[in-house]
Amino acid sequence: MVEHLTDGSSVSRRIDDLLGGEPREFVHMKRRAREQSNKVYDPAPFRRLLAAGLRSRTLFAAETLEDPEQAAYARSSHAMGDLHRVTVEPFRHLAVVNGSVAFVQADPADPFAGALQIRQPGVVAMPADVFEGMWARARELDDLPLSPIEQRVLRALTEHGTDEAGARSLNVSVRKFRSHVADLMARLGASTRFQAALRAKELGWL
(Lines give C-alpha, C1' and ligand atoms only; values in the text may rest on other atoms or scores of the structure.)
Protein backbone atom coordinates (compact mmCIF):
# COMPACT_ATOMS: atom_id res chain seq x y z
CA MET A 1 0.00 0.00 0.00
CA VAL A 2 3.03 2.30 0.44
CA GLU A 3 6.13 2.34 -1.78
CA HIS A 4 9.17 4.60 -1.64
CA LEU A 5 10.19 5.95 -5.06
CA THR A 6 13.69 7.28 -4.61
CA ASP A 7 13.93 10.00 -7.25
CA GLY A 8 11.87 12.38 -9.34
CA SER A 9 12.28 10.39 -12.54
CA SER A 10 10.79 7.30 -10.91
CA VAL A 11 7.84 9.33 -9.65
CA SER A 12 7.22 10.85 -13.10
CA ARG A 13 7.33 7.44 -14.79
CA ARG A 14 4.89 5.96 -12.28
CA ILE A 15 2.44 8.84 -12.73
CA ASP A 16 2.72 8.54 -16.52
CA ASP A 17 2.00 4.81 -16.30
CA LEU A 18 -1.08 5.37 -14.12
CA LEU A 19 -2.47 8.12 -16.33
CA GLY A 20 -1.72 6.21 -19.51
CA GLY A 21 -3.83 3.31 -18.31
CA GLU A 22 -6.74 5.41 -17.02
CA PRO A 23 -6.64 9.18 -17.69
CA ARG A 24 -9.41 10.46 -15.40
CA GLU A 25 -8.03 13.04 -12.97
CA PHE A 26 -4.66 14.44 -11.96
CA VAL A 27 -4.09 17.08 -9.27
CA HIS A 28 -0.67 18.40 -8.39
CA MET A 29 0.93 20.87 -5.96
CA LYS A 30 4.48 22.00 -6.70
CA ARG A 31 6.76 24.96 -6.11
CA ARG A 32 7.17 25.95 -9.76
CA ALA A 33 4.83 25.82 -12.74
CA ARG A 34 7.55 23.89 -14.56
CA GLU A 35 10.29 22.06 -12.73
CA GLN A 36 13.78 22.81 -13.98
CA SER A 37 15.22 20.10 -16.20
CA ASN A 38 17.92 19.68 -18.81
CA LYS A 39 15.42 17.85 -21.01
CA VAL A 40 13.39 19.68 -23.67
CA TYR A 41 9.75 19.50 -22.61
CA ASP A 42 7.37 17.89 -25.11
CA PRO A 43 3.73 18.78 -24.32
CA ALA A 44 2.29 16.36 -26.91
CA PRO A 45 1.86 13.31 -24.60
CA PHE A 46 0.02 15.35 -21.98
CA ARG A 47 -2.13 16.99 -24.67
CA ARG A 48 -3.19 13.51 -25.76
CA LEU A 49 -4.21 12.67 -22.19
CA LEU A 50 -6.26 15.86 -21.98
CA ALA A 51 -7.89 15.04 -25.32
CA ALA A 52 -8.71 11.58 -23.95
CA GLY A 53 -10.69 13.17 -21.11
CA LEU A 54 -8.12 13.81 -18.38
CA ARG A 55 -9.08 16.54 -15.91
CA SER A 56 -5.86 18.13 -14.68
CA ARG A 57 -5.32 20.86 -12.09
CA THR A 58 -2.00 22.29 -10.93
CA LEU A 59 -1.40 24.52 -7.92
CA PHE A 60 1.93 26.32 -7.51
CA ALA A 61 3.58 29.14 -5.56
CA ALA A 62 2.48 32.65 -6.59
CA GLU A 63 6.05 33.96 -6.30
CA THR A 64 6.99 31.75 -9.25
CA LEU A 65 5.18 34.16 -11.58
CA GLU A 66 7.98 36.66 -11.02
CA ASP A 67 9.94 34.51 -13.52
CA PRO A 68 8.60 35.41 -17.01
CA GLU A 69 9.41 31.94 -18.39
CA GLN A 70 7.52 30.24 -15.57
CA ALA A 71 4.58 32.60 -16.00
CA ALA A 72 4.42 31.99 -19.75
CA TYR A 73 4.58 28.21 -19.21
CA ALA A 74 1.79 28.31 -16.63
CA ARG A 75 -0.49 30.32 -18.89
CA SER A 76 0.28 28.12 -21.89
CA SER A 77 -0.52 24.98 -19.89
CA HIS A 78 -3.70 26.58 -18.55
CA ALA A 79 -4.86 27.44 -22.06
CA MET A 80 -4.11 23.86 -23.13
CA GLY A 81 -6.52 22.54 -20.49
CA ASP A 82 -4.22 21.83 -17.54
CA LEU A 83 -5.85 24.33 -15.19
CA HIS A 84 -3.41 26.35 -13.08
CA ARG A 85 -3.92 28.44 -9.96
CA VAL A 86 -1.47 30.05 -7.56
CA THR A 87 -1.29 30.16 -3.77
CA VAL A 88 0.65 32.09 -1.15
CA GLU A 89 0.03 29.39 1.46
CA PRO A 90 2.94 27.15 2.48
CA PHE A 91 2.78 23.60 1.16
CA ARG A 92 4.82 20.55 0.19
CA HIS A 93 4.81 18.71 -3.11
CA LEU A 94 2.00 16.24 -3.62
CA ALA A 95 0.06 14.64 -6.45
CA VAL A 96 -3.07 12.51 -6.59
CA VAL A 97 -3.94 10.35 -9.60
CA ASN A 98 -7.57 9.38 -10.26
CA GLY A 99 -8.41 10.01 -6.61
CA SER A 100 -6.90 6.64 -5.70
CA VAL A 101 -3.09 6.95 -5.68
CA ALA A 102 -1.23 9.72 -3.84
CA PHE A 103 2.39 10.81 -4.04
CA VAL A 104 3.84 12.81 -1.12
CA GLN A 105 7.36 13.86 -0.22
CA ALA A 106 9.26 11.00 1.39
CA ASP A 107 11.11 13.50 3.60
CA PRO A 108 9.25 16.77 4.40
CA ALA A 109 12.61 18.53 4.86
CA ASP A 110 14.12 17.31 1.59
CA PRO A 111 12.17 17.71 -1.68
CA PHE A 112 14.83 15.64 -3.48
CA ALA A 113 14.42 12.52 -1.31
CA GLY A 114 11.85 11.00 -3.64
CA ALA A 115 8.22 10.32 -2.83
CA LEU A 116 5.96 7.85 -1.11
CA GLN A 117 3.35 6.29 -3.36
CA ILE A 118 0.25 5.57 -1.29
CA ARG A 119 -2.75 3.45 -2.30
CA GLN A 120 -4.58 3.07 1.02
CA PRO A 121 -7.94 4.86 0.40
CA GLY A 122 -8.23 6.44 3.84
CA VAL A 123 -4.74 7.89 3.61
CA VAL A 124 -5.10 9.03 -0.03
CA ALA A 125 -8.20 10.99 0.96
CA MET A 126 -6.16 13.27 3.24
CA PRO A 127 -3.81 14.84 0.64
CA ALA A 128 -6.73 14.92 -1.81
CA ASP A 129 -8.75 16.97 0.70
CA VAL A 130 -5.75 19.25 1.34
CA PHE A 131 -5.49 19.93 -2.37
CA GLU A 132 -9.20 20.67 -2.77
CA GLY A 133 -9.17 23.11 0.15
CA MET A 134 -6.15 24.99 -1.16
CA TRP A 135 -7.50 24.97 -4.72
CA ALA A 136 -10.71 26.62 -3.51
CA ARG A 137 -8.73 29.38 -1.77
CA ALA A 138 -6.18 29.85 -4.58
CA ARG A 139 -6.29 32.59 -7.19
CA GLU A 140 -6.83 32.33 -10.92
CA LEU A 141 -3.89 33.43 -13.05
CA ASP A 142 -5.83 36.31 -14.62
CA ASP A 143 -6.95 37.59 -11.19
CA LEU A 144 -3.40 38.48 -10.21
CA PRO A 145 -2.26 42.10 -10.42
CA LEU A 146 0.44 43.11 -12.85
CA SER A 147 4.01 42.84 -11.63
CA PRO A 148 6.08 46.04 -11.67
CA ILE A 149 7.87 45.03 -14.87
CA GLU A 150 4.56 44.13 -16.54
CA GLN A 151 3.19 47.57 -15.61
CA ARG A 152 6.21 49.28 -17.13
CA VAL A 153 6.05 47.19 -20.30
CA LEU A 154 2.33 47.91 -20.72
CA ARG A 155 2.92 51.65 -20.35
CA ALA A 156 5.81 51.54 -22.81
CA LEU A 157 3.70 49.56 -25.25
CA THR A 158 0.99 52.23 -25.28
CA GLU A 159 3.22 55.30 -25.08
CA HIS A 160 5.87 54.46 -27.69
CA GLY A 161 5.44 53.72 -31.35
CA THR A 162 8.49 51.48 -31.83
CA ASP A 163 10.16 48.66 -29.95
CA GLU A 164 13.38 50.65 -29.92
CA ALA A 165 11.74 53.56 -28.11
CA GLY A 166 9.97 51.25 -25.71
CA ALA A 167 13.20 49.43 -24.93
CA ARG A 168 15.00 52.72 -24.26
CA SER A 169 12.26 53.81 -21.84
CA LEU A 170 12.82 50.60 -19.84
CA ASN A 171 16.60 50.69 -20.27
CA VAL A 172 16.64 47.16 -21.73
CA SER A 173 17.65 45.71 -25.08
CA VAL A 174 15.14 45.55 -27.92
CA ARG A 175 15.27 41.76 -27.75
CA LYS A 176 14.46 41.78 -24.02
CA PHE A 177 11.66 44.29 -24.55
CA ARG A 178 10.09 42.13 -27.24
CA SER A 179 10.32 39.12 -24.92
CA HIS A 180 8.49 41.06 -22.19
CA VAL A 181 5.83 42.14 -24.69
CA ALA A 182 5.32 38.54 -25.84
CA ASP A 183 4.89 37.39 -22.22
CA LEU A 184 2.38 40.17 -21.54
CA MET A 185 0.41 39.37 -24.71
CA ALA A 186 0.30 35.71 -23.68
CA ARG A 187 -1.10 36.69 -20.29
CA LEU A 188 -3.75 38.83 -21.97
CA GLY A 189 -4.58 36.16 -24.54
CA ALA A 190 -3.91 38.66 -27.33
CA SER A 191 -2.53 37.89 -30.76
CA THR A 192 -1.76 41.54 -31.61
CA ARG A 193 -0.55 44.52 -29.62
CA PHE A 194 -3.77 46.37 -30.39
CA GLN A 195 -5.76 43.49 -28.87
CA ALA A 196 -3.45 43.54 -25.86
CA ALA A 197 -4.17 47.23 -25.25
CA LEU A 198 -7.93 46.69 -25.56
CA ARG A 199 -7.84 43.72 -23.21
CA ALA A 200 -5.74 45.67 -20.69
CA LYS A 201 -8.34 48.48 -20.73
CA GLU A 202 -11.13 45.95 -20.16
CA LEU A 203 -9.29 44.63 -17.12
CA GLY A 204 -8.67 48.14 -15.77
CA TRP A 205 -4.91 47.90 -16.22
CA LEU A 206 -4.81 51.07 -18.33
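Side chains are part of it too, since the values below use all heavy atoms of this structure and drop only hydrogens, waters and symmetry mates. Bear in mind that the values here come from a model prediction, so they are computed numbers and not experimental data.
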Is the shortest heavy-atom distance from the side chain of S191 to the side chain of M185 under 4.5 Å?
no
Got a second to check how far H93's NE2 is from K30's NZ, nearest 0.5 Å?
9.0 Å
Can V104 be reached from L5 by stepping across I, L, V, M, F, W or Y side chains whose heavy atoms are under 4.5 Å apart?
no
Distance-minimising heavy-atom pair for H84 and L141
O-CG, 3.8 Å
Heavy-atom closest pair, residues F26 and I15
CE1-CG2, 3.8 Å
Side chains of V97 and F103 in contact at under 4.5 Å (non-hydrogen atoms):
yes
Ion pair present between R31 and E63, side-chain N to carboxylate O less than 4.0 angstrom?
yes
Side chain to side chain contact (heavy atoms under 4.5 Å, CB included) with L59: which of L94, V27, T87?
T87
Here the gap from D7 atom CG to F112 atom CZ, rounded to the nearest 0.5 Å, amounts to 12.0 Å
More than 12 heavy atoms of other residues, nucleotides or ligands under 6.0 Å from CD of E69: is that the case?
no
Interatomic distance, CZ@R152 vs CZ@R155, rounded to 0.5 Å, equals 7.5 Å
Measuring only between side-chain heavy atoms, which start at C-beta, is L184 closer than 4.5 Å to L154?
yes
Quick check on N171: does its CG atom have over 12 non-hydrogen neighbours (other residues, nucleotides or ligands) under 6.0 Å away?
no
Residues P121 and M1: closest non-hydrogen pair is CD-CE, 4.2 Å
Is R168 paired with D163 through a side-chain N to carboxylate O contact shorter than 4.0 Å?
no
Minimal heavy-atom distance between N98 and E22, with the atoms involved, is ND2-O, 2.7 Å
Hey, does W135 have a side-chain heavy atom less than 4.5 Å from the side chain of L83?
yes
Using 0.5 Å steps for rounding, measure from the OH atom of Y73 to the CZ atom of R32.
13.0 Å
Assess, by modelled atom type and distance only, whether the side chains of R34 and Q70 contain a donor and an acceptor separated by less than 3.5 Å.
no
Return the CG to CD distance between L19 and E25, rounded to the nearest 0.5 Å.
10.5 Å
When you group the ILVMFWY residues by side-chain heavy-atom contacts below 4.5 Å and let the links chain together, are V96 and M29 in the same group?
yes
With hydrophobic residues grouped by side-chain heavy-atom distances under 4.5 Å, do L18 and V123 end up in a single group?
no
Working to the nearest 0.5 Å, report the span between NZ of K176 and CG of L170.
11.0 Å
I want to check something: taking the side chain as every heavy atom from C-beta on, are V101 and V124 in contact at a cut-off of under 4.5 Å?
no
Does one side chain, of D82 or S56, offer a donor that lies under 3.5 Å from an acceptor on the other?
yes
For a 4.5 angstrom cut-off between non-hydrogen side-chain atoms, does R139 reach R85?
no
Between M80 and L50, is there a side-chain heavy-atom distance shorter than 4.5 Å?
yes
On a heavy-atom basis, the closest approach of H4 and A106 is NE2-CB, 3.5 Å
Could you please spell out the steps behind the side chain to side chain contact (heavy atoms under 4.5 Å, CB included) verdict for R24 and R55?
CA-CA 6 Å; R24 287 192 291 112; R55 181 185 184 222; over 6 Å; no
Please say yes or no: joined through hydrophobic side-chain contacts below 4.5 Å, possibly via intermediate residues, are V153 and V174 part of one cluster?
no
In one Ile/Leu/Val/Met/Phe/Trp/Tyr side-chain cluster, 4.5 Å: F131, V86
no
Treating S12 as the side-chain partner and S9 as the backbone partner, does any N or O pair qualify as donor plus acceptor under 3.5 Å?
no
Flag the pair E132 and R57 as a salt bridge only when some basic side-chain nitrogen lies within less than 4.0 angstrom of an acidic carboxylate oxygen.
yes
Shortest non-hydrogen pair, R14 vs E3, comes out as NH1-OE1, 3.0 Å
